[in-house]
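Source: prediction; values computed, not measured.
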Amino acid sequence: MLIESIIEKLEKINQLNESLYQLSQDKTERLKNNDLEAFNELLIKERKHAQAIDQLEAKRVQETDAWFQQNDLSDQEQTITNIIENLKDGEHKQRLETLYEKLVFILANLKQQEQLNHDLTQQSLQYLELTLDLIKPTYQKDLNYRKPQQETNQTTNRSVFDSKA
């Protein structure tokens with residue numbers, strides 16, 4: 001039955017998104033601990049999860065299209081919500097509603113966790129930039145108020161180290 005196949009795809013997509021959420025939480029810990037090797041491994045796993053979700057989602061969309069055509073509902077927008085509204089079987093309807101709610105919830109959590117990871121990464125980059133600026137400061141004194149000849153003479157005579165001391 002087509003609706004069973006759609007439900008199976010949604011269950012697998014939900015499981016993969018839950019696993020992706022766990023990976024995202026692990027990424028947060030790796031960012032906090034500055035463990036870049038483990039972080040890179042998590043990125044590889046995350047990419048594989050995303051590819052699997054994309055493949056399952058493509059199959060689910062095809063099956064959803066077929067379900068709407070089979071039930072003469074081609075004029076409606078082809079969404080899970082419309083399937084739930086038009087489903088007559090109470091058991092399938094309940095399973096689909098539950099899966100849909102879980103999926104929305106886990107995607108919201110995943111989005112929030114990824115935003116946290118983004119913010120942590122930005123803060124780390126800002127810290128690194130600040131540290132580099134402190135290590136190698138730039139000297140730009142009185143560039144606007146000196147005559148060019150005076151400036152060139154002083155820069156050739158000036159040294160970073162005081163050789164007379």
Side-chain angles (χ1 to χ4, degrees), residues 2-68 76-85 87 91-145 151 155 158-162:
L2 201 52
I3 194 68
E4 281 290 329
S5 183
I6 292 171
I7 290 172
E8 286 177 19
K9 298 283 184 301
L10 278 176
E11 286 174 342
K12 289 177 184 176
I13 289 170
N14 196 25
Q15 289 172 354
L16 283 170
N17 277 308
E18 287 175 356
S19 178
L20 196 59
Y21 177 65
Q22 183 62 47
L23 286 174
S24 184
Q25 289 177 325
D26 291 344
K27 275 188 351 186
T28 303
E29 291 303 314
R30 298 306 176 262
L31 282 170
K32 288 178 183 177
N33 297 331
N34 201 23
D35 187 1
L36 294 181
E37 281 187 37
F39 183 79
N40 287 333
E41 290 173 10
L42 288 174
L43 288 178
I44 293 168
K45 289 179 184 177
E46 190 177 62
R47 199 172 305 126
K48 289 178 183 179
H49 276 69
Q51 289 172 346
I53 290 170
D54 285 344
Q55 291 172 354
L56 281 170
E57 183 64 18
K59 290 177 185 176
R60 187 205 56 84
V61 167
Q62 289 175 348
E63 291 174 357
T64 302
D65 291 344
W67 186 87
F68 275 94
Q76 290 187 7
E77 188 178 2
Q78 298 178 353
T79 63
I80 298 297
T81 307
N82 283 340
I83 290 177
I84 292 170
E85 289 174 3
L87 229 118
E91 180 184 335
H92 288 129
K93 188 174 188 173
Q94 182 62 37
R95 282 179 59 198
L96 205 54
E97 284 176 346
T98 304
L99 274 173
Y100 182 68
E101 288 173 8
K102 283 182 182 178
L103 190 60
V104 168
F105 181 72
I106 195 69
L107 288 176
N109 287 341
L110 183 60
K111 182 178 179 180
Q112 184 178 12
Q113 189 69 37
E114 283 301 310
Q115 183 62 44
L116 174 63
N117 289 342
H118 175 73
D119 292 344
L120 286 172
T121 304
Q122 288 297 337
Q123 288 176 358
S124 294
L125 289 174
Q126 288 172 350
Y127 176 76
L128 286 173
E129 188 175 327
L130 175 67
T131 305
L132 287 174
D133 285 345
L134 290 174
I135 292 172
K136 184 184 171 200
T138 56
Y139 293 105
Q140 295 181 351
K141 263 188 174 176
D142 300 325
L143 291 177
N144 294 332
Y145 299 110
E151 189 174 323
T155 55
R158 189 180 294 169
S159 173
V160 177
F161 300 103
D162 188 6

Glu77 atom CD: more than 12 heavy-atom contacts under 6.0 Å:
no

What is the minimum heavy-atom distance between Leu31 and Asn117, and which atoms define it?
CD1-O, 3.7 Å

Picking from Gln113, Glu46, Glu114, what satisfies side-chain hydrogen bond (donor to acceptor under 3.5 Å, both in side chains) with Ser24?
Glu114

Let me know which of Glu41, Glu29, Arg30 forms a side chain to side chain contact (heavy atoms under 4.5 Å, CB included) with Asp35.
Arg30

Are more than 12 heavy atoms, taken from residues, nucleotides or ligands other than Glu37, located less than 6.0 Å from that residue's CD atom?
no

Working to the nearest 0.5 angstrom, can you tell me the gap between Lys12 NZ and Leu99 CG?
13.0 Å

I'd like to know whether Leu107 forms a side chain to side chain contact (heavy atoms under 4.5 Å, CB included) with Asn109, so could you lay out the CA-CA distance, the side-chain angles of the two residues, the decisive distance to 0.1 Å, and finally the verdict.
CA-CA 5 Å; Leu107 288 176; Asn109 287 341; over 6 Å; no

Counting only heavy atoms not in Glu4 (residues, nucleotides, ligands), do more than 12 fall under 6.0 Å from its CD?
yes

To check you understand the geometry: which heavy-atom pair defines the closest contact between Ile106 and Asn14, and what is its length?
CG2-OD1, 3.6 Å

In Å, rounded to the nearest 0.5 Å, how long is the span from CZ of Arg47 to CG of Leu20?
12.5 Å

Taking C-beta and beyond as the side chain, do Leu43 and Lys27 meet within less than 4.5 Å on heavy atoms?
yes

To the nearest 0.5 Å, how far apart are CZ in Phe39 and CG in Asn34?
10.5 Å

Start with the C-alpha distance between Gln76 and Glu85, add both sets of side-chain angles, then the distance that settles side chain to side chain contact (heavy atoms under 4.5 Å, CB included), and finish with yes or no.
CA-CA 11 Å; Gln76 290 187 7; Glu85 289 174 3; 5.7 Å; no

Taking the side chain as C-beta and beyond, is there a heavy-atom pair between Thr98 and Lys102 under 4.5 Å?
yes

Nearest 0.5 Å please: distance from the CD atom of Gln55 over to the CG atom of Leu16.
10.0 Å

Show the nearest heavy-atom pair for residues Lys93 and Ile84, with the distance to one decimal.
CE-O, 3.0 Å

Indicate yes or no: at least one non-hydrogen side-chain atom of Leu87 is less than 4.5 angstrom from one of Trp67.
yes

Rounding to 0.5 Å, atoms CD (Gln62) and OG (Ser5) come to a distance of 10.5 Å

Ile83 side chain near Phe68 side chain, heavy-atom distance below 4.5 Å:
yes

Hydrogens and angles aside, do Asp119 and Gln115 bring a side-chain donor and acceptor to less than 3.5 Å of each other?
yes

Are side-chain heavy atoms of Ile6 and Lys9 found at a separation under 4.5 Å?
no

Which residues share a side-chain contact (heavy atoms from CB on, under 4.5 Å) with Asp54, sequence neighbours left out:
none

Under a 4.5 Å cut-off applied to non-hydrogen side-chain atoms, are Leu10 and Tyr100 in contact?
no

How many angstroms lie between CD in Glu11 and CG in Leu103, if you round to the nearest 0.5 Å?
11.5 Å

Examine distances only and state if a side-chain atom of Thr131 and a backbone atom of Tyr127 form a donor-acceptor pair shorter than 3.5 Å.
yes

Any side-chain heavy-atom pair from Gln126 and Leu130 closer than 4.5 angstrom?
no

Assess whether a salt bridge exists between Arg60 and Glu63, defined as any Lys/Arg side-chain N lying under 4.0 Å from an Asp/Glu carboxylate O.
no

Any side-chain heavy atom of Ile3 within less than 4.5 Å of one from Leu96?
yes

